Amino acid sequence: MIDSFRQIARFLVRAEQFLDRLEPLLPPASPLPDWAAACAFRWRIRRGVGYLQPIMRLPAIRLGDLQDIDEQKARIDANTRHFVTGQPANNVLLTGARGSGKSSLIKALLNEYAPQGLRVIEVEKGDLTDLPDIVELIEGRPERFIVFCDDLSFDSGDARYKALKVVLDGSIAAAPENVLIYATSNRRHLMPEFFAENLESRRVGEEIHPGEAIEEKISLSERFGLWISFYPFDQEAYLNIVAHWLQSFGCARDEIVHAERDALNWALERGSRSGRVAWQFARDWAGRQLAAPDRQKRSRSSPTTARKRSRNVA
């Protein structure tokens with residue numbers, strides 16, 4: 001009997017030693033997110049374990065800073081407001097021209113509704129397979145979460161889109177009421193479409209029925225309840241955006257008018273009149289003008305005073 005106890009004791013000691021050696025090889029436990037630390041988080045992978053990293057510095061962009069996309073802004077603002085207040089709301093797909101304000105809208109919405117409990121989790125395309133884990137982590141929380149996927153598109157044969165389909169509307173389990181997915185893309189259907197696939201379409205009476213390949217690709221984007229399209233800006237809209245940002249940087253009204261020709265040349269060099277190009281020009285032009293010695297001689301006021309004066313003039 002005593003020998004049996006000794007054998008058991010030796011076995012337990014050896015088992016404990018084995019576990020001590022095995023422990024460093026195991027992935028670390030996923031750290032619990034500090035929900036009070038930030039309003040936005042980024043999904044990260046470390047040693048094979050995913051966790052939510054707080055984003056401490058957020059862009060100060062507001063909804064009022066986004067010019068000439070009033071219709072798109074109104075639609076997504078209403079959907080987000082319904083979501084934050086507990087009313088029915090849709091997942092959103094923002095598609096269209098590059099630099100037209102799709103990603104900036106998400107950042108502005110966070111700044112607008114964070115005091116009411118809105119939180120944003122940014123997930124890269126390569127981590128979409130972790131979406132079920134992310135949803136499980138935030139389900140039941142009192143906050144309202146937007147899972148944000150920026151510049152989303154898939155190559156032919158990419159299987160990661162299936163994980164997104166399941167979370168959107170493809171699982172037997174109901175989606176949590178406190179989670180929505182907002183995605184931006186330059187492709188309306190998120191996947192490349194080839195001419196050969198159109199040849200699979202067939203005519204039934206007066207109707208055209210797409211082939212299975214097209215149906216599969218369309219089925220992903222159809223799971224977003226709200227589609228919002230963005231279009232290239234014309235010259236007038238582009239100059240309006242330039243004027244808004246120059247004014248916010250403290251430029252006077254006459255300086256903004258004088259900058260128009262340079263702004264058009266800037267856009268011509270880049271082959272685009274997008275909101276991003278307008279913002280980049282405004283930063284460059286305002287920086288050079290505010291630092292110019294002749295301007296400092298003309299104006300004894302500080303940049304803050306100049307900003308207030310230009311707003312009053314506008």
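In what follows, every heavy atom counts, from backbone to side chain, and hydrogens, waters and symmetry copies are set aside. All of these numbers come straight from a predicted model, not from anything done at the bench.
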**Asked** Rounded to the nearest 0.5 Å, how far apart are CG of Asn111 and CD1 of Ile61?
**Response** 8.5 Å

**Asked** So, Asp234 side chain and Ala237 main chain: donor-acceptor pair closer than 3.5 Å or not?
**Response** yes

**Prompt:** Looking at Phe249 and Ala286, what are the two nearest heavy atoms and their distance?
**Reply:** CB-CB, 3.7 Å

**Option among Leu93, Asn90, Thr95 that satisfies the side-chain contact (heavy atoms from CB on, under 4.5 Å) test with Trp227** = Leu93

**Nearest non-hydrogen partners of Arg98 and Gly271, listed with the distance** = NH2-O, 4.1 Å

**Request:** Please lay out, stage by stage, how Leu58 and Lys107 fare under the test side-chain contact (heavy atoms from CB on, under 4.5 Å).
**Result:** CA-CA 8 Å; Leu58 295 176; Lys107 302 168 187 175; over 6 Å; no

**Message:** Let me confirm one number: the CD-CD1 distance from Glu143 to Ile138, rounded to the nearest 0.5 Å.
**Reply:** 9.5 Å

**Request:** State, yes or no, whether a side-chain contact exists between Cys39 and Val120 at a heavy-atom distance under 4.5 Å.
**Result:** no

**Message:** I'd like to know if the side chain of His82 reaches the main chain of Ala78, judged simply by a donor and an acceptor atom lying under 3.5 Å from each other, with no hydrogens or angles considered.
**Reply:** yes

**Asked** What's the shortest heavy-atom distance between Thr184 and Lys102, and which atoms?
**Response** CG2-CB, 3.9 Å

**Complete:** Correct closest heavy-atom pair for Leu246 and Ala259 would be CD1-CB, 3.8 Å

**Prompt:** Looking at side-chain heavy atoms only, is the closest gap between Ser248 and Asp65 below 4.5 Å?
**Reply:** no

**Complete:** CG of Leu264 to CD of Glu269, rounded to nearest 0.5 Å, is 11.5 Å

**Output field: ring centroids Trp35/Phe41 closer than 6.0 Å** = yes

**Message:** Assess the residue pair Ser185 and Asp151 against the criterion (side-chain contact (heavy atoms from CB on, under 4.5 Å)); give the C-alpha distance rounded to whole Å, side-chain angles, the decisive distance to 0.1 Å, and a yes or no.
**Reply:** CA-CA 5 Å; Ser185 177; Asp151 197 18; 5.8 Å; no

**Message:** Please report the interatomic distance CG(Asp68) to NZ(Lys73), rounded to the nearest 0.5 Å.
**Reply:** 9.0 Å

**Asked** With a distance cut-off below 6.0 Å to the six-membered ring centre and an angular limit of 45° from the axis, does Arg44 pair with Tyr51 as a cation-pi contact?
**Response** no

**Prompt:** Can a salt bridge be assigned to the pair Arg42 and Glu122 using a cut-off of 4.0 Å between side-chain N and carboxylate O?
**Reply:** yes

**Prompt:** Would you say the side chain of Asn91 lies within less than 4.5 Å of the side chain of Leu226, judging by non-hydrogen atoms?
**Reply:** no

**Item:** Flag for Ser274-Tyr238: side-chain donor and acceptor within less than 3.5 Å
**Value:** no

**Asked** Do Val257 and Trp285 belong together in a cluster built from hydrophobic side chains that touch within less than 4.5 Å?
**Response** no

**Donor-acceptor contact below 3.5 Å, side chain Gln247 vs main chain His244** = no

**Pairwise side-chain contact, Ile181 with Ile146, heavy-atom cut-off 4.5 Å (strictly under)** = no

**Message:** Would you compute the distance between atom CD1 of Ile76 and atom CG of Leu105 and round it to the nearest 0.5 angstrom?
**Reply:** 5.5 Å

**Request:** Take Ile106 and Leu94 through the test side-chain contact (heavy atoms from CB on, under 4.5 Å) and record every step on the way to the result.
**Result:** CA-CA 10 Å; Ile106 309 300; Leu94 302 91; 4.2 Å; yes

**Asked** Which heavy atom in Gly140 sits nearest to a heavy atom in Asn178, and how many Å separate them?
**Response** N-ND2, 3.9 Å

**Request:** Check whether the side chains of Tyr182 and Asn79 place a donor and an acceptor atom closer than 3.5 Å, and report yes or no.
**Result:** yes

**Prompt:** Any side-chain heavy atom of Ser229 within less than 4.5 Å of one from Tyr231?
**Reply:** yes

**Message:** Under a 3.5 Å distance rule, please check whether Asn240 uses its side chain to pair with a backbone N or O of Glu236 as donor and acceptor.
**Reply:** yes

**Pairwise distance CZ(Arg276) to OG(Ser100) - rounded to 0.5 angstrom** = 8.0 Å

**Min side-chain heavy-atom separation Phe148-Val123 under 4.5 Å** = no

**Prompt:** Looking only at heavy atoms, what is the nearest atom pair of Gly275 and Ile241, with distance?
**Reply:** CA-CD1, 4.1 Å

**Asked** Is any side-chain heavy atom of Glu124 less than 4.5 Å from a side-chain heavy atom of Trp43?
**Response** no

**Asked** Would you say Arg273 and Gln235 make side-chain contact, with heavy atoms under 4.5 Å?
**Response** yes

**Asked** How are the rings of Trp266 and Phe281 set relative to one another: parallel (under 30°), tilted (30 to 60°) or perpendicular (over 60°)?
**Response** perpendicular

**Check against side-chain contact (heavy atoms from CB on, under 4.5 Å), Phe145 and Leu180** = CA-CA 6 Å; Phe145 292 92; Leu180 284 182; over 6 Å; no

